[in-house]
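Reminder, nothing fancy here: chain letters follow the sequence lines and each chain counts from 1. A quick note: this is a predicted structure, and the numbers were derived from the prediction, not measured. What you see below is based on every heavy atom in this structure, not just the backbone, and it leaves out hydrogens, waters and symmetry mates.
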There are 2 protein chains.
Amino acid sequence: MGVKSIVTNIKDVAKYLGISVSTVSRALNHYPDVSPITKNQVMDAVEHLNYRPNAVAKGLIQKKTFTVGLMIPDISDPICSLLAASVEKSFSDQGYQVVYGSTHRDPAKEKQFILNAISRQFDGLILTPDVLDEELVSLLSDLRMPVVFLQRRTPEGLNAPFVDVDHYHAASAAVRNLITRGHQRIGFIAMPASSFTGSERKRGYLDTMSAYGLMPEMMGMVEGGRTIEQGRTAMAELYQRCPGLTAVFAANDLLAVGALEWLHQQHMNVPGQISVIGFDNLEHAALHWTQLTTMEQPTEEMGRKCALAMLRMMRDPKQLPVSELIEAKLIERGSVLNLNAIPVYTMN
Amino acid sequence: MGVKSIVTNIKDVAKYLGISVSTVSRALNHYPDVSPITKNQVMDAVEHLNYRPNAVAKGLIQKKTFTVGLMIPDISDPICSLLAASVEKSFSDQGYQVVYGSTHRDPAKEKQFILNAISRQFDGLILTPDVLDEELVSLLSDLRMPVVFLQRRTPEGLNAPFVDVDHYHAASAAVRNLITRGHQRIGFIAMPASSFTGSERKRGYLDTMSAYGLMPEMMGMVEGGRTIEQGRTAMAELYQRCPGLTAVFAANDLLAVGALEWLHQQHMNVPGQISVIGFDNLEHAALHWTQLTTMEQPTEEMGRKCALAMLRMMRDPKQLPVSELIEAKLIERGSVLNLNAIPVYTMN
DNA sequence: CTGAAAGCGCTTACAG
DNA sequence: CTGAAAGCGCTTACAG
C-alpha cells in the first residue's frame with residue numbers, strides 16, 4: 001500500500017514536501033493564508049503517507065481535548081443507557097468524544113472519575129451523582145471545567161446548570177390521574193431513601209394525597225428499591241399491610257413490573273381489582289402482559305438538552321445556561337381502572 | 001482553600017520547593033532513586049498546591065494513553081450494555097479508561113471511530129463490527145495497535161484474537177433440547193441475514209434439524225429482525241405458513257418475547273400448544289409471564305476475557321493470545337413442553 | 001504566503 | 001541522589 005511507514009508525523013509530511021512544519025499545520029487546519037497549490041500538495045502528501053494528526057499533541061497545546069466525561073450510576077440500567085446514547089449522539093455530531101464512567105453509586109468511584117477527568121483534561125463533565133459529599137462538592141467548586149448535572153439538581157454551593165425531569169410534578173400528575181379516576185386508597189412503592197429522584201417522587205405522592213384531603217389512613221407506603229424482584233416483595237408487603245388499596249403508584253417501572261407479577265401470581269386482576277401506575281416508560285411497560293400506565297422520562301430530550309447546555313458553556317464560559325426542568329409525559333395504557341365509569345372489566 | 005491556584009503544573013511544584021522538575025517527576029512516579037525526604041516534600045507540596053499531573057502531556061511523551069476504545073452497535077441494547085459494563089469493570093481496575101462508540105451498525109461510523117482511535121492514540125481497540133468492508137480491514141491491518149474482536153470472529157486477513165459465544169453450538173443445543181423432548185416440527189425466527197451472530201444461530205438450527213433427519217417440511221423459517229415488535233409479526237407469519245409447528249426457536253430473546261406476546265393474544269397456550277425457546281437470557285426471559293427457556297450469553301465472562309486478552313497484548317505485543325469460544329448455558333424455565341412425558345398442562 | 005522559534009507539560013537518558 | 005537538556009508532536013504568534 002505505497003510508502004506508508006508504521007507511524008507518520010507532521011515532520012515527515014513537511015520533509016516529504018520540502019516545506020515547513022508550520023505550513024503543513026496551517027494547511028491541515030484550513031487556515032485561509034495558505035496558497036491553494038501548497039494546500040493541495042499537503043493534502044496529497046497526507047493521503048500518500050497515510051498521515052493522521054496526533055490528537056494528544058494537539059490537545060496538549062490547545063488545551064482542548066474534545067472529550068467530555070459522563071458519570072452515570074450504571075451503564076446497564078436502561079434509563080442510564082438511553083440517556084447516555086442521547087448525550088453521545090449530540091456530542092459526536094460536534095466532534096466530541098464522550099467517556100462514560102459507571103460509578104455504581106460509590107462515592108469513591110465518583111471521586112476517582114472526577115479526578116481522572118481533571119488529569120485527562122476533559123473539556124466538560126456531566127454528572128449524575130447520587131450522593132455528593134462535601135469533599136466532592138469542594139473538589140467541583142475549584143474546577144475550571146464546565147459541569148452540568150443530569151437527572152439531578154445542582155448541589156448547594158455549586159454554580160452549574162442541571163437538566164432533569166420534574167419528578168415531583170410528574171409524581172403528582174400520576175397520583176392525580178388515579179384520584180381523578182375515583183381512587184382514594186392509593187399505595188406507594190418507594191425507591192431507596194438515598195435516591196434524590198426517589199424522594200422527589202415520594203414527595204409528589206404525599207403532597208398530592210394531602211392536597212386532595214386523602215388522609216394518612218388512605219395511604220400505604222413501603223420502601224421497594226429499584227428492581228423487579230424488589231417490586232414483587234414490596235407489593236406483597238404493601239398488600240398485607242393495606243389490603244383495601246384500589247391503586248398503587250410504583251416509583252419506577254421495574255418496581256411496578258414486580259408488583260404486577262406478584263398481583264398476577266395472586267390471581268388479582270389488574271386493573272379490575274387493583275390499578276397500578278409506574279414511572280419511566282421502559283420497554284417493559286409496553287409488554288402485552290403489563291400494559292403499564294406510566295410517566296415517561298423523555299431521555300432523548302434530556303440528553304440532547306444536556307449536551308446543548310454543555311456545548312454552550314464550552315463556547316462561552318462566562319454565562320451559565322439556565323437549568324432545564326422537563327415535564328414527564330403520561331402514557332396511558334391498561335393498568336388503571338376508571339372507577340367513575342361503568343366498569344368494563346369483569347371481576348372474577 | 002489555601003494556596004491552590006487555578007491550575008498547577010509540575011514546574012510550579014518544583015519552583016515551590018526549589019528543586020528541579022525532573023526530581024519532582026521521579027518522586028511522583030515512585031522512582032527508587034529519590035531520597036525519602038525529598039519524596040515526602042514533593043508529596044506534601046502536591047497536596048498543598050493541589051497539583052494534578054496532566055495525563056495528556058504524559059500520554060504524549062510515553063506514547064501510552066491508558067485508554068481503550070470499545071466499538072459497539074448500540075449502547076442501549078441490553079446485551080451490548082452488559083458487555084460494556086463488564087469490559088469497563090475489568091479495565092478500570094487496571095487504571096484504563098474505556099471509551100465507547102455506538103456505531104448503530106453504520107460502516108461510516110465504524111470507520112470514524114477507528115480513525116478517531118488512531119488520532120487519539122488509544123492503547124487498544126475492541127471491535128464488534130457488523131460488516132467489515134475491505135477498506136476497514138485494510139485500515140486495521142496497518143494498525144500498530146492491539147485489536148480484539150468481541151462477540152465477533154476475526155475477519156479474513158487480520159491477525160487478532162476474538163472472544164465470542166459459540167452461537168452455532170448453542171443454537172444446536174437449543175434445537176436438541178426441543179428434539180429430545182419429542183418436538184419434530186420446529187420453526188425458526190431468524191435475525192437479519194446481515195448479522196453474523198444471527199447466521200451462526202441459523203446454521204446451528206438447520207444443521208441440527210437435518211442431523212436428526214428432520215426433513216425440510218418439518219421446518220419453517222421466517223426472518224424476524226431483532227425487536228419484540230418484529231418477533232410478533234414474525235410469529236404471526238410463521239404460524240400462518242406452518243400451523244403444525246409444536247415448537248419455535250427464536251434467534252434472540254426479544255424476538256421470542258414478541259412471539260410469546262402474539263401467541264398469547266391468539267389465546268394459544270405456551271408451552272401447552274406450542275413451545276418457545278430463545279437466546280440471550282435477557283431480563284425479559286425471567287418475567288413471570290414469559291418464563292422463557294433460553295440460551296444464556298455469559299456477558300460478564302465475555303467482557304472479562306476480552307479485557308484480559310487485551311491487557312496481555314498490551315503487555316507483550318509479540319504473542320497473540322488465543323481466541324476464546326465460550327459456551328452458552330441453557331436456562332430452563334417453563335416455555336418448553338416435554339412431549340415425551342405425561343402432559344401436565346391442560347389443553348384448552 | 002511561508003518559515004524559524006517558542007512552548008504546551010510532561011519523561012527520560014545523561015552527567016555529575 | 002539531583003539537575004540540565006532534549007524531546008514527544010503538535011500550534012501559534014512573529015518576522016519576513
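- If you check residues 13-24 of chain B against DNA chain D, the residues with a heavy atom closer than 4.0 Å are B:Ile19, B:Ser20, B:Ser22, B:Thr23, listed by number.
- The residue A:Lys11 sits apart from the nucleic acid: no heavy atom pair falls under 4.0 Å.
- Atom-to-atom, CG of A:Leu28 to C1' of D:dC10 comes out at 11 Å; the value is rounded to the nearest Å.
- Checking the phosphate oxygens (OP1, OP2) of C:dC8, no side-chain nitrogen or oxygen of B:Asn9 falls inside 4.0 Å.
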List, with names and distances, any nitrogen or oxygen atoms from the protein found under 3.5 Å away from nitrogen or oxygen atoms belonging to nucleotides 14-16 of chain C.
none

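- Of the side-chain N and O atoms in B:Tyr31, none sit less than 4.0 angstrom from OP1 or OP2 of C:dA13.
- As rounded to whole Å, 13 Å separates atom C1' of D:dC1 from atom CD of B:Gln41.
- Among the atoms of the strands shown, only primed sugar atoms or phosphate atoms (P, OP1, OP2) are found under 4.0 Å from some heavy atom of A:Ser35.
- Candidate nucleotides C:dG7, C:dC10, D:dC1 were compared by shortest atom distance to the side chain of B:Ala57, and C:dC10 ranks first.
- In terms of phosphate contacts, A:Lys63 brings no side-chain nitrogen or oxygen within less than 4.0 Å of OP1 or OP2 of D:dT11.
- With a 6.0 Å cutoff to the six-membered ring centre and a 45° limit on the axis angle, B:Lys111 does not count as a cation-pi contact of B:Phe113.
- Put simply, CG on B:Leu60 is 9 Å from C1' on C:dG9, counting in whole angstrom units.
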Problem - Watson-Crick and G-U pairing of DNA chain D, under 3.5 Å, as dot-bracket with | and [ ] - result: |||.||||||||.|||
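- OP1 or OP2 of D:dT2 lies within a sub-4.0 Å distance of a side-chain N or O belonging to B:Thr38.
- Between A:Gln62 and D:dT12 there is a side-chain polar atom (N or O) within less than 4.0 angstrom of OP1 or OP2.
- Of the side-chain N and O atoms in A:Asn54, none sit less than 4.0 angstrom from OP1 or OP2 of D:dG9.
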